[in-house]
Amino acid sequence: MRDFWSENSKTIGKNLLNQFGGAFFGIMLFFAAYALRKFDTLPFISSIISVTFYLYLLYLVMWERGGQDRIKYDGGRAEKKPLTGLWISLLSNVPNLILAALILISEPFIKGSPNIAGGINTVSRAIAILWEGMYMGVIRTFAPHNPLIYLLMVFPAVFVGAYAYLVGFNNRRLFGLAEVKKK
């Protein structure tokens, strides 16, 4: 585990930095769209744009990492490990998973009088909204009171990271079919 962390900590750091940037971008887009109250779907559309941007940033980082590992593999300096992208993506999403767990665990206990569970739930949701700001419009539109959405938000990032690593390792591109081939 120590070797895995030392090899992949920079990639995990890049993914966390991209999440911060995506969250900031998502919050700015959401509030700009929300200011235009004439269009109810505009915050949702802005959220889709910011989530797509965030996932694309993750794709770029993980594709590059897969390509680097392919070079090491072809040179005989590393083994083929197809689950590396999945593990990197899961480790990059540990803050999201912790927030989702805190929200899901404290949710059943918040009914009734103010208590510790209510405080944990409120603080965790506030941090999750800031840390996962790109999903604000999606949460507001589909599940403003459903705590399961915080867990479901982790899956696109994990899937895109694992997929991008495999595609990069195999030296393929997302839009490879649409590229013009040079002779």
Side-chain angles (χ1 to χ4, degrees), residues 1-27 29 44-104 128 130-139 142-143 146-183:
M1 184 66 181
R2 178 178 244 169
D3 292 337
F4 184 83
W5 180 256
S6 65
E7 291 175 14
N8 300 303
S9 61
K10 287 184 181 179
T11 306
I12 294 168
K14 286 180 185 178
N15 285 345
L16 290 172
L17 186 63
N18 283 338
Q19 179 160 357
F20 175 76
F24 185 75
F25 180 67
I27 290 169
L29 270 182
F44 174 72
I45 292 169
S46 71
S47 183
I48 295 298
I49 291 168
S50 60
V51 167
T52 304
F53 176 69
Y54 163 63
L55 293 177
Y56 183 69
L57 290 176
L58 284 179
Y59 175 86
L60 290 176
V61 169
M62 294 304 292
W63 187 90
E64 179 183 355
R65 181 52 202 255
Q68 291 171 351
D69 284 356
R70 180 59 186 231
I71 292 170
K72 291 178 187 175
Y73 174 72
D74 287 344
R77 295 176 291 159
E79 301 173 3
K80 186 175 185 178
K81 299 177 186 174
L83 294 179
T84 301
L86 177 68
W87 292 117
I88 291 172
S89 295
L90 283 172
L91 285 173
S92 299
N93 281 288
V94 164
N96 301 336
L97 291 169
I98 291 171
L99 288 169
L102 287 172
I103 292 168
L104 287 170
L130 292 175
W131 183 243
E132 300 162 347
M134 65 287 276
Y135 291 100
M136 285 178 77
V138 174
I139 292 170
F142 290 114
N146 188 352
L148 194 58
I149 191 79
Y150 295 98
L151 182 63
L152 295 176
M153 287 189 294
V154 174
F155 290 111
V158 171
F159 174 75
V160 166
Y163 174 75
Y165 178 85
L166 289 175
V167 170
F169 189 84
N170 293 319
N171 200 21
R172 304 271 187 238
R173 298 209 180 262
L174 182 63
F175 300 109
L177 297 174
E179 290 180 357
V180 177
K181 306 244 180 188
K182 294 181 182 179
K183 292 184 179 179

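Applying the ring-ring contact (aromatic ring centres under 6.0 Å, His included) criterion to Phe169, with sequence neighbours excluded, gives Tyr73. Residues meeting the side chain to side chain contact (heavy atoms under 4.5 Å, CB included) test with Leu17, sequence neighbours left out: none. In this structure Leu148 satisfies the side chain to side chain contact (heavy atoms under 4.5 Å, CB included) test together with Leu104, Asn146, Leu151, Leu152, sequence neighbours excluded. Applying the ring-ring contact (aromatic ring centres under 6.0 Å, His included) criterion to Phe20, with sequence neighbours excluded, gives no partner residue. Partners of Phe24 by side chain to side chain contact (heavy atoms under 4.5 Å, CB included), not counting sequence neighbours, listed by chain and number: Met28. Taking Phe53 as the reference, Phe25 meet the ring-ring contact (aromatic ring centres under 6.0 Å, His included) condition, with sequence neighbours excluded. For Arg77, the side chain to side chain contact (heavy atoms under 4.5 Å, CB included) test picks out Ile71, Lys72, with sequence neighbours left out.
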### Task
Given side chain to side chain contact (heavy atoms under 4.5 Å, CB included), test Ile139 with Tyr150 step by step and report yes or no.
CA-CA 9 Å; Ile139 292 170; Tyr150 295 98; 3.9 Å; yes
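The nearest pair of heavy atoms linking Ser47 to Met136 is OG-N, 4.0 Å. Residues Ala157 and Leu58 come closest through the heavy atom pair CB-CD1, 3.6 Å. Smallest separation of non-hydrogen atoms from Gly133 and Ala23: N-CB, 3.6 Å. Looking at every heavy atom in both residues, Leu166 comes nearest to Pro82 through CD2-O, 3.5 Å. In this structure, Met134 and Gln19 approach most closely via the heavy-atom pair CE-O, 3.6 Å. The nearest pair of heavy atoms linking Gly22 to Tyr54 is CA-CB, 4.4 Å.
Applying the ring-ring contact (aromatic ring centres under 6.0 Å, His included) test to residues at least two apart or on different chains, none of the pairs has a partner in residues 82-102. Note on residues 49-71: pairs passing salt bridge (charged side-chain N to carboxylate O under 4.0 Å, His left out), not counting sequence neighbours, are Arg65-Asp69, Arg70-Asp74. Here salt bridge (charged side-chain N to carboxylate O under 4.0 Å, His left out) pairs that include residues 11-22, with residues two or more places apart or in two chains, number zero.
Distance check: Lys81 NZ to Leu86 CG gives 14.5 Å after rounding to the nearest 0.5 Å. Note: Tyr163 OH to Tyr59 OH = 6.0 Å, rounded to the nearest 0.5 Å. Considering CE of Met62 and CG of Leu57, their distance stands at 13.5 Å, rounded to 0.5 Å. Taking OH from Tyr56 and CH2 from Trp63, the interatomic distance works out to 10.0 Å, rounded to the nearest 0.5 Å. Between Leu99 atom CG and Leu130 atom CG the span is 10.0 Å, to the nearest 0.5 Å.
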Pairs under 3.5 angstrom only: tabulate donor-acceptor contacts from the side chains of residues 88-95 to other protein residues two or more places apart or in another chain.
from, atom 1, to, atom 2, distance (Å)
Ser89, OG, Gly85, O, 2.9
Ser92, OG, Asn15, ND2, 3.1
Ser92, OG, Ile88, O, 2.8
Asn93, OD1, Asn96, ND2, 2.6
Asn93, ND2, Ser89, O, 2.8

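Contact check for Leu55 versus Pro156: side-chain heavy atoms found under the 4.5 Å cut-off.
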